[in-house]
Participant: 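One structure, as structure tokens, below. Some questions next.
Residue numbers start from 1 in every chain, and the chains themselves are labelled A, B, ... in the order their sequence lines are given, proteins ahead of strands.
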Number of protein chains: 2
Amino acid sequence: MADVAERAGVSVSTVSRTLRGLTTVSPEVRARVERAARELDFAASRHAASLVTGRTGNVAVLVPTLSSWFVGAALSGLGLVLRAAGLELTVYVIPDMAERRAFFEHLPARRNADALLVFSFDLTEEETRRLDKLGMPVVYVSQHVDGRPSVYVDDVAGALRGTRHLLNLGHRRIAYVQTVGTGGFSFSSQERLVGYRQALTEAGIPLDEDLVVATPAGDKRGAAEAVGRLLGLREPPTAVFAEQDEVAVAVIWTLRATGIEVPGQVSVVGFDDQPVAQWFDLTTVAQSPSRIGREAGELALSLIDDPGADRERHLVLPTQVIPRATTAPPPAPRSAPDPRPPSP
Amino acid sequence: MADVAERAGVSVSTVSRTLRGLTTVSPEVRARVERAARELDFAASRHAASLVTGRTGNVAVLVPTLSSWFVGAALSGLGLVLRAAGLELTVYVIPDMAERRAFFEHLPARRNADALLVFSFDLTEEETRRLDKLGMPVVYVSQHVDGRPSVYVDDVAGALRGTRHLLNLGHRRIAYVQTVGTGGFSFSSQERLVGYRQALTEAGIPLDEDLVVATPAGDKRGAAEAVGRLLGLREPPTAVFAEQDEVAVAVIWTLRATGIEVPGQVSVVGFDDQPVAQWFDLTTVAQSPSRIGREAGELALSLIDDPGADRERHLVLPTQVIPRATTAPPPAPRSAPDPRPPSP
DNA sequence: GTGAAAGCGCTAACAT
DNA sequence: ATGTTAGCGCTTTCAC
């Protein structure tokens, strides 16, 4: 910066003021400085600036993975907002418990970001308290944490309405396929199960725990076992609500491989509206992770500007049922329990 | 840090030395300092440190998107390596031309990272030269740039062997479906086309430009049009080599929706081995983006330590043909051209 | 509107 | 083995 100052024949203060766009610089001097900066190919060091301003110009995010449709889209949306505000994005990927412990032990983001966004983790009380002491705004994304700013989709309402769609078609035996061990997304998982149960209850259908099965996400083998358990019931389901599109697709694949028609014999509803849902013409409950990312970004920005405001703000985003080609009325007025009814 | 020093009854230098794990600290003092630091919940500011060391402790990556299997997996792999080395990851997402221009105009990474990894962009000469002047190691990922360190998969060989697999099954009319406008991945696209042509040439099959069609990635509508063009040929293909799994899946979907059996009447090969390839039992050419990310990270680290070394190192990673259920010998000794042969 | 000078929180000589 | 001191490159008073 001293070089630029010398070349422009002004002081470093003036260069600083000019480059930050402050108004108190005469047009003539401004032009000289800008030319000098361009000629010297100069860019100010954020680090030196942050040392004195206390701002880092950086937002940190904590994510369980980057190989996920949800996280990818959410971070893209977030990136958009941050870039517009001149902030950069530091990503901490915490794939396992060891890394997670290390992160909360050292809190490497501590003085190196202006805000932290925590994605999809089911945090312990202690971890949350640790983040409270971080000295920067923390926004919880895709989860709700009492008394802290959170942004998430209304999973309960989404699952409720997705299940209602099946009920409205006439289904009475509706299974729920949930995922396990997906490293950090258990929060939405539980909420969606709640919505599913709520829909059945309001329709006066007793809950049958045999209809709730689990599978590892995106695993064809696991999905096959889960579907197998459902098909082996005395009264198998005529519809399946899957916690995510990936699971829905695996279920459909398994059913069709067995010669069971979707939606002819079994209807399937997913959750997410990932690209794969389009390929399969999957009826699903759509959410917009990119919007979540944007909203979380805006919230973080406002918290950076005014740490007092909105401390407890919870932003609940809507979902939308998208009817496509994997749902239809159940095959026939149910007769005797028979897992393989005669084809039409 | 001064607080910690006071509390431990030592100088700031000693605190600094202790916290950085230097050896020249007596065990007794070290213990005192560490306790004080823990009690005060102290973490050193990277920014202040970087100001004097010249190192930022930060690696920047430039990616066209985060909503992509390839990028997500590659960054996960990269993150692993960086974390192990105590470095952080700053992500610049450049989704469009305006953002791209802005990035190269200001080069915000300039003094704020120790190295830059550029993913999958088809850079202009000028952009490359601009990066040369960045004053930090730049590693090109998923593309080759002459005279600069690059890490990429052998797309040509992959497509060559994938196409050979079809040839070996007896196919002679093999189409190539490429993607367009996917914002930055055109590099691999071109290379794979080269491999496809090479395979046909070495098998003595003349190239037929009618068999090379394009579609927007992951778009069912576009894929339908591309497939339509192929089915409308006087002599339609018996096999399709798709540039990516997503396209392969869209092609399969379209074919099956039309009543054309895969692989009974048309074989399909993809490229990537994404999760979706498993759901569809898709024969594909596998690559490992997570390995690419790791290798690129290692290369960047070595370049940071010794900017002179390996300046021109090109790391070419292998691919692997994975035969699954979407390839089979062509239907029959070809008779009269008929897009819809009678079903068996 | 512009310049001079005092730090921000660290690390790296240099002393001791 | 530990302390002292001089900056790193900026921003921000405070003068003018």
Participant: The side chain of A:Ser16 is closest to which nucleotide in this list: D:dT2, D:dT12, C:dT11?
Facilitator: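 Of the candidates, D:dT12 comes closest.
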Participant: Mapping A:Ser50 and B:Arg30 to their closest nucleotides on DNA chain D, which lands nearer the 5' end?
Facilitator: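 Counting from the 5' end, the first nearest nucleotide belongs to B:Arg30.
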Participant: Rounded to whole angstroms, how far apart are CZ on B:Phe42 and P on C:dG9?
Facilitator: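 Rounded to whole Å, this separation is 10 Å.
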Participant: With side chains defined as the heavy atoms from C-beta onward, is the minimum distance between A:Ile292 and A:Val141 less than 4.5 Å?
Facilitator: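 Yes; the side chains approach each other to less than 4.5 Å.
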Participant: Hey, is the side chain of B:Arg20 poking within less than 4.0 Å of OP1 or OP2 on C:dA12, counting only N and O atoms?
Facilitator: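 Affirmative; the distance criterion is met.
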Participant: Rounded to whole angstroms, how far apart are CG on A:Leu22 and P on D:dT13?
Facilitator: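 Atom CG in A:Leu22 sits about 12 Å away from atom P in D:dT13.
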Participant: Start at the 5' end of DNA chain C and walk down; is the nucleotide closest to B:Leu51 or to A:Ser26 reached first?
Facilitator: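 The answer here is A:Ser26.
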Participant: Return yes if some donor-acceptor pair links the side-chain N/O of B:His314 with the main-chain N/O of B:Val145 below 3.5 Å, else return no.
Facilitator: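 Yes: the side chain of B:His314 pairs with the backbone of B:Val145.
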Participant: State which of D:dG3, C:dG1, C:dG3 makes the closest approach to the side chain of A:Ser13.
Facilitator: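 Shortest atom-to-atom distance from the side chain points to C:dG3.
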Participant: Nearest whole Å is fine: how far is C:dC8 C1' from B:Met1 CE?
Facilitator: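 After rounding, the reported distance stands at 14 Å.
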Participant: When the distance from NE2 of A:His47 to C1' of C:dT11 is rounded to whole Å, what number comes out?
Facilitator: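 For the pair A:His47 NE2 and C:dT11 C1', the rounded distance is 15 Å.
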Participant: Just wondering, are more than 12 heavy atoms of other shown residues or ligands nearer than 6.0 Å to CD in A:Glu6?
Facilitator: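 No.
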Participant: Closest approach to the side chain of B:Thr24, judged atom by atom: which nucleotide of D:dT2, C:dG9, D:dT11 is it?
Facilitator: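 Nearest to the side-chain atoms of B:Thr24, counting from C-beta on, is D:dT2.
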Participant: May I ask you to decide whether A:Glu88 forms a salt bridge with A:Arg46, counting only side-chain N to carboxylate O separations under 4.0 Å?
Facilitator: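 A salt bridge links A:Glu88 with A:Arg46.
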Participant: Specify the separation, in whole Å, of atom CD of B:Glu6 and atom P of D:dG3.
Facilitator: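 Atom-to-atom, B:Glu6 to D:dG3, this comes out as 13 Å.
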Participant: Between C1' on D:dA1 and CZ on B:Arg32, what's the gap in Å once rounded to a whole number?
Facilitator: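 Between C1' of D:dA1 and CZ of B:Arg32: 12 Å.
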Participant: Would you call B:Glu126 and B:Arg130 a salt bridge, taking side-chain N to carboxylate O under 4.0 Å as the test?
Facilitator: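 The answer is no: the pair does not qualify as a salt bridge.
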Participant: What's the closest nucleotide to the B:Thr53 side chain, out of D:dG3, D:dT11, C:dA12?
Facilitator: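 Per side-chain heavy atoms of B:Thr53, the pick is C:dA12.
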Participant: What is the distance from CG of A:Leu19 to P of D:dT12, rounded to the nearest Å?
Facilitator: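 Checked: the CG to P distance equals 14 Å.
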Participant: A:Arg17 side chain: which of C:dT2, C:dA12, D:dT2 is closest?
Facilitator: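 Comparing C:dT2, C:dA12, D:dT2 against the side chain of A:Arg17, the answer is C:dT2.
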Participant: Choose from D:dG9, D:dG3, C:dT2 the nucleotide whose nearest atom is closest to any side-chain atom of B:Thr14.
Facilitator: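 Between D:dG9, D:dG3, C:dT2, the one nearest the side chain of B:Thr14 would be D:dG3.
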Participant: For the side chain of B:Ser11, counting heavy atoms from C-beta on, which of C:dT2, C:dA12, D:dT4 is nearest?
Facilitator: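 Shortest atom-to-atom distance from the side chain points to D:dT4.
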